[in-house]
Each structure stands twice: as structure tokens, then as C-alpha cells.
Amino acid sequence: MKYCSTCGEKVELIIPEGDNRQRYVCQSCEAIHYQNPNIVTGCIAQRQDKILLCKRAIEPRHGLWTLPAGFMENGESNIEGAARETFEEANARLENMQLYCVFSIAHINQVYIMYLGDLIDGEASPGSESLEVALFDESEIPWQEIAFKVINENLRLYFEDKKKGVFKIHYADISKQSDGSFEVKYY
Ligand code: ZN
């Protein structure tokens, strides 16, 4: 951040009085611009033995498969955001939505909150951010073409829980190691 979003003057990275972290502080109007993690919200939309994946039409990871998910917007609840993303990316509507997985990804300042729901009428088609949408059973999932580690982990949990017949809520921290691999720690 270089310029103040309130007055347009230059900001400086300093520790404000009474704080213990560096913040962008406007040198003119003294506004403190806090930066906090972003929330990503999305869904596993199920239909019989299959779940819905979207092939990304946007960067990053253009052309790879993902679950419908995206940044939460102001003025909506988290579950509303998950339903909205599923509709925008796959023209799909859900019923029986329930909280399923929360992943905290500190190295990219994101928290994923993912739901489970039933795809109404099995209907889906690509939204503007998707090249293609399709339903996959476990054997059909393109595991080598999944866009993000967090999605891979979410899918793995889903098929594991499906075999057990119980979808409990999961929480995990995902962190990136110095060699580029990921560590996933469940609590
Ligand atoms: Zn300012």
C-alpha cells in the first residue's frame, strides 16, 4: 500500500502508538489501514455419488479444477457467500447446506470455510469464471489437475467421510514448508 484510501496522501509503515505490529498509517489524515486475512467460502455440491467441480477460466491456476468458492463479500453471511459462489461459478443451487471444513492458511492470509450441500435437480453449467463444470465420482476426480492444496485436502476428507457415512466438521492449518511442500495439521 502506497497511498491512503481516505485522503490520497502517502502512507508509511509504522507501529502506531499502543499497537505491536506495523500498520500502514497516513501521514496526512492519520488513518490507520489495518490488513487482515481474507475469508474464502465455498461448497461441495453433491448429487448421488458425485460432486461438482469447476474448471477455472481465470488465473491463478487457469484450466485446473476446483470446488466452487471465492472471497466473501460485505453484507452477506458466510453461508450466503458459499451459495452465491456456487451459483456464479456453476449456475448451481443447493439445499441442505451444512458447515463442513475450515482451513486456516496463514502464509497466504486466507481462511477457507467450506460447506456441504445437495445440488438441486443436478443442474449446473459454467459461469463466467469457469471453462467447464462437471460431476465426478471418486474414481473420476482429476487428482493431478486440482488447482489448490486446500481443495485437494477437502476432497480427500469428503470421500473418506462418505465411506464412513459421517460428515463431521473438520478444522486444519495448512502451511507451506521451506521445500515448497505443504503440511496439513488437524485439530
Ligand atoms: Zn489519509
Side-chain angles (χ1 to χ4, degrees), residues 1-45 54-94 97-115 117 126-131 146-154 169-187:
M1 185 172 192
K2 279 184 176 168
Y3 300 103
C4 176
S5 55
T6 306
C7 75
E9 293 298 316
K10 275 197 173 154
V11 294
E12 208 179 326
L13 196 56
I14 57 167
I15 300 174
E17 204 181 317
D19 204 337
N20 55 11
R21 287 173 186 265
Q22 287 192 320
R23 312 284 182 190
Y24 288 103
V25 180
C26 178
Q27 297 308 288
S28 177
C29 77
E30 297 180 355
I32 303 171
H33 299 281
Y34 295 96
Q35 293 183 316
N36 298 98
N38 289 309
I39 296 170
V40 178
T41 183
C43 286
I44 292 184
C54 304
K55 194 179 220 180
R56 291 175 63 83
I58 51 168
E59 294 294 349
R61 317 287 164 87
H62 181 278
L64 296 184
W65 293 90
T66 192
L67 290 167
F71 292 114
M72 194 178 169
E73 300 285 0
N74 291 341
E76 68 184 6
S77 73
N78 191 258
I79 196 167
E80 285 168 353
R84 175 185 51 75
E85 287 290 339
T86 306
F87 187 71
E88 283 176 6
E89 295 182 6
N91 293 307
R93 293 192 187 277
L94 299 172
M97 286 176 72
Q98 65 181 77
L99 180 61
Y100 184 40
C101 294
V102 178
F103 299 97
S104 188
I105 316 176
H107 66 275
I108 51 170
N109 305 316
Q110 291 180 357
V111 177
Y112 272 70
I113 302 178
M114 301 297 291
Y115 294 82
S128 63
E129 294 181 1
S130 306
L131 295 169
I146 300 297
F148 304 104
K149 173 66 182 175
V150 59
I151 300 301
N152 201 289
E153 198 59 24
N154 207 344
I169 295 172
H170 301 274
Y171 173 84
D173 284 351
I174 298 180
S175 54
K176 199 170 193 175
Q177 308 303 292
S178 50
D179 66 358
S181 66
F182 291 95
E183 185 183 48
V184 184
K185 188 178 177 194
Y186 284 92
Y187 292 83

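Just follow the structure's listing: the first ligand is 1, and inside any ligand the first atom is 1. All values derive from a computational prediction rather than experimental measurement.
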Note to self: Could you work out, with salt bridge (Lys or Arg N to Asp or Glu O under 4.0 Å) as the rule, every residue matching Lys149, not counting sequence neighbours?
What the structure shows: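 Testing Lys149 for salt bridge (Lys or Arg N to Asp or Glu O under 4.0 Å), a comparison that skips the adjacent residues, returns Glu153.
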Notebook entry, point to check: What residues form a salt bridge (Lys or Arg N to Asp or Glu O under 4.0 Å) with Glu80, not counting sequence neighbours?
Noted result: none
Item checked: Side chain to side chain, Cys29 and Glu9, heavy atoms closer than 4.5 Å ->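 Of all side-chain heavy-atom pairs linking Glu9 with Cys29, none is under 4.5 Å.
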Item checked: Residue-atom pairs from the protein, N, O or S only, that lie under 2.8 Å from the Zn ion (ligand 1) ->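 Short answer, with waters excluded from the count: Cys4 SG, Cys7 SG, Cys26 SG, Cys29 SG.
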Check: Just wondering, more than 12 heavy atoms not from Glu30 lying within 6.0 Å of its CD?
Finding: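 Result for CD/Glu30: open.
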Next item on the list: Keeping the roles fixed (side chain from Thr86, backbone from Ala92), state whether a donor-acceptor pair exists under 3.5 Å.
Entry: no
Next item on the list: Applying side-chain hydrogen bond (donor to acceptor under 3.5 Å, both in side chains), name anything that partners Asp19, two or more places apart in sequence or on another chain.
Entry: Arg23
